[in-house]
Trainee: 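Take a look at the following structure, please.
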Amino acid sequence: MPKLMPCLWFDGNAEEAARFYTSVFPNSKITQITHYGPSAAKSSGPPEGSVMTVVFEIDGQRFMGLNGGPHFKFSPAISFMVNCNSQEEIDNYWKRLSDGGQEGQCGWLTDKFGLSWQIVPAATGELIDDSDPARSDRVLAALMQMNRIDLRTLQNAYAGIVPSR
């Protein structure tokens, strides 16, 4: 089966974005940069010699950044989920990816390039998908109150521990 490689459309800053993303995530690298030649520059508008595509990897997952121009923008309808194993990981990715971007609800954020991310505990699915509907409801109620996710608060909600006031 072929591997999927998301192609992300940028307006002239694909290389900057790829360098940023590969600095945020361990085991990441830029593997290829191509430039607009005379024919591609003439037909699509960017200056000849400017960066056309950047292929990069984040922990083995390949992405392509394409400098396609101002025609299309990112939307929260597509996001990348980062499953974190600790509060430290959540805090790190939240801080780095939201810097210059916008924080959202329930672990969602938009980075400075307009790309949406979900920074969530790896255990979120297990906490929400429980056979006890009251547990699931408590976890979801706690989650809906958060921007950056607090893992301990979710675990406490799951266990039925009510925060002291």
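Quick caveat, the model's predicted, so the values are computed rather than measured. The figures here come from the full heavy-atom set of this structure, side chains too, leaving out hydrogens, waters and symmetry mates.
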Trainee: Using only heavy-atom distances, determine whether the side chains of Ser28 and Glu57 contain a donor-acceptor pair under 3.5 Å.
Mentor: no
Trainee: Taking the side chain from Ser43 and the backbone from Ser39, do they hold a donor-acceptor pair closer than 3.5 Å?
Mentor: yes
Trainee: May I ask you to check whether over 12 heavy atoms, not counting those of Gln87, lie within 6.0 Å of atom CD?
Mentor: yes
Trainee: Whether the side chain of Ser98 engages the backbone of Gly101 through a donor-acceptor N/O pair (distance < 3.5 Å, no angle test) should be reported.
Mentor: no
Trainee: Begin from the C-alpha positions of Met146 and Leu154 and carry the test side-chain contact (heavy atoms from CB on, under 4.5 Å) through to its verdict.
Mentor: CA-CA 10 Å; Met146 298 178 191; Leu154 292 184; 3.6 Å; yes
Trainee: Using the six-membered ring wherever Trp is involved, compare the ring planes of Phe63 and Phe80 and label them parallel, tilted or perpendicular (cut-offs 30° and 60°).
Mentor: perpendicular
Trainee: Look at the side chain of Ser50 and the backbone N and O of Pro47, then say whether any donor-acceptor pair between them is shorter than 3.5 Å.
Mentor: yes
Trainee: Between Trp9 (side chain) and Gly69 (backbone), is there a donor-acceptor pair under 3.5 Å?
Mentor: yes
Trainee: Do the rings of Phe10 and Tyr21 sit parallel, tilted or perpendicular, given the 30° and 60° boundaries?
Mentor: tilted
Trainee: With a distance cut-off below 6.0 Å to the six-membered ring centre and an angular limit of 45° from the axis, does Lys29 pair with Phe56 as a cation-pi contact?
Mentor: no
Trainee: Are Asp91 and Arg148 close enough for a salt bridge, meaning some N to O gap below 4.0 Å?
Mentor: yes
Trainee: Taking Asp111 for the side chain and Leu97 for the main chain, is one N or O donor matched with an acceptor at less than 3.5 Å?
Mentor: no
Trainee: When you measure from the side chain of Thr31 to the backbone of Val55, do you find a donor-acceptor pair of N or O atoms at a distance under 3.5 Å?
Mentor: yes
Trainee: Please check this pair: side chain of Asn13 against backbone of Glu16, looking for a donor-acceptor N/O pair closer than 3.5 Å.
Mentor: no
Trainee: For Glu103 and Trp108, test the side chains for any donor-to-acceptor distance below 3.5 angstrom and give the result as yes or no.
Mentor: no
Trainee: Verify, without hydrogens or angle tests, whether Thr34 (side chain) and Thr53 (backbone) share a donor-acceptor contact under 3.5 angstrom.
Mentor: yes
Trainee: Look only at the side chain of Arg96 and the backbone of Ser23, and say whether a donor-acceptor pair between them is shorter than 3.5 Å.
Mentor: yes
Trainee: When you measure from the side chain of Tyr36 to the backbone of Ser44, do you find a donor-acceptor pair of N or O atoms at a distance under 3.5 Å?
Mentor: no
Trainee: Heavy-atom count check: over 12 atoms from other residues, nucleotides or ligands less than 6.0 Å from Gln105 CD?
Mentor: yes
